[in-house]
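Here's the structure, in structure tokens; my notes come after.
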Amino acid sequence: MLDACVFTIFGATGHLSRTKLLPALYRLDKAGRLPEATVILGLGRRDWDNSQWRAEVSKWLEERLGGSLDQEALDHFNQRLHFFSANIGDPDSSMRLRQLLDSGPEFPPNHVYYLSLPPSEYKAAADFLALSGLNQEQGGWRRLVVEKPFGYHLEDAQILDRHLHRNFTEQQIFRIDHYLGKETVQNIFVFRFANLMWEPLWNRNLIDHVQITHSEMAGIEDRADYYETAGALRDMIQSHLMQMLALVAMEPPATMDAESIRDEKVKVLKSIRPIPKAAVHAHAFRAQYTRGRVEGQDVPGYLDEEQVDKQSTTETYAALKLYIDNWRWRNVPFYLRTGKRLAKNSSLIAIRFKHPPQQLFRETQIAAVPPNWLLMGIQPEQCIRIEVQVREPGIGMRARTTQLDASTCYQAGYQLDAYESLLLDVIAGDHAQFLRSDEVEWAWRVVDPIIRTWSVEREFIHTYPAGSWGPEEADRIFEREDQQWRHSFSASDAPR
Ligand code: BG6
């Protein structure tokens, strides 16, 4: 049974709030998953009252959910919505917020404060809450949700962490990475640890390498402000892709509680071989999109996007090779890549096994039979497939690739999306799918040498036309020529 709470969104009119948080809260409400007395309080600078806020939210939900928006559910959701106009730099606003939240039974005593703000404003928001004692657990709980990127680099993240801990305990802080709420990402636990058969295969003896890709056809949308300071490495790799790496590589946790899971993830991140400055170019690659065609439409290059500096060397594509120096993974490369304005929307974990020791069914003298792959689709397809070789029917003894499908409920009825699942966890006080402070710090340690190198190399960046799979030069990070990017589930797309 969940406690009713006031769910306050800082930055309520921003991109994340409009496109992810409010739709998730609406869907939870529609499905009857929010406690009845829950209040959703939008906090922003605009001078809106509740009715203006409700009208705007209805418009955003309409844009986002279109035909699936249900008028009765929307009316119900609207009743939960309140707006509070505030400037987080203003002490008086903090006092007024306190008065509002203390003003009567309409506002439950438990509070979620969701910082849907640029990272540069997290400290100010935490101070704003502490100023009027809204961080203190009197009569109910207080939880602070912080989005990624958590800081801009290692030192900044450490400073931010110390700052937040002045007013909030670690138990009160929920560092969200919405990839941990995705169906297939959560399935990694079950698939790995509920099946004994994987364990003997899941290591350096049988796995050739691991690829984790997140590709998007979209550009930076209306987020130039944020993206110019972030870039693909901070935006996707330091957080989402590094988390997926940790889940693929971690040891089984002692139990499924938050600390046991996070202990194991930290061990993986700590074991990632540091990239020396001199080796950054061999391990990391960055590029930027130029104009091109996506889904039949001409789209501008990054430098022509609104509010982007014409000299910008912010990367919209990044690829990385990492090694995990432990008993299970030593010398198995983990390739991570992400990009905006690529050929397809796809998030895929692709694990390539080694070739059998003898090629009995060689197709030609030089072409080996393809190796086995384990493919975990995060989106758009949510499924797990295992690629194996079977006999090609007919004459002779030739191998043909087929896929075994381990998908479960993905075509079935109502599924929680990532934010729905994680917002419920926040309300339930469950940290298992949220990042602990040391976890974030170790992830920064991995990318920090790259950030430092790229931040001083500002003269040149590789480019790729929008709508492509990124520059071919990115292949230079592969260890061997027979390693190539796996773009999708399609067997014909599988490199040898
Ligand atoms: C966000 C990034 O964290 O994740 C975005 O800031 C990216 O740039 C998004 O587009 C991808 O998330 P999803 O759930 O749409 O795959």
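Numbers here simply count residues along the sequence, with the first being 1. Since this is a predicted model, take the numbers as computed values, not measurements. Both counts, for ligands and for their atoms, begin at 1 and track the order of listing.
Residue pairs that meet the salt bridge (Lys or Arg N to Asp or Glu O under 4.0 Å) test with at least one member in residues 296-315, sequence neighbours left out, are Arg293-Asp298. Among residues at least two apart or in separate chains, there is no salt bridge (Lys or Arg N to Asp or Glu O under 4.0 Å) pair with a member in residues 454-470. Applying the side-chain hydrogen bond (donor to acceptor under 3.5 Å, both in side chains) definition to pairs two or more places apart or across chains, those involving residues 265-274 are Gln243-Lys265, Glu264-Lys267, Lys265-Glu439, Arg273-Asp325, Arg273-Asn331.
Cation-pi geometry between Arg452 and Trp454 is not met at under 6.0 angstrom from the ring centre and within 45 degrees of the axis.
Using a 4.5 Å heavy-atom threshold, the side chains of Met244 and Phe334 count as separate.
Residues Trp329 and Tyr323 place their aromatic rings such that the two centres sit no closer than 6.0 Å.
Enumerated by chain and number, the residues approaching ligand 1 to less than 4.0 Å through a heavy atom are Lys20, Lys148, His178, Tyr179, Lys182, His214, Glu216, Arg223, Asp235, Met236, His240, Lys340, Gln379.
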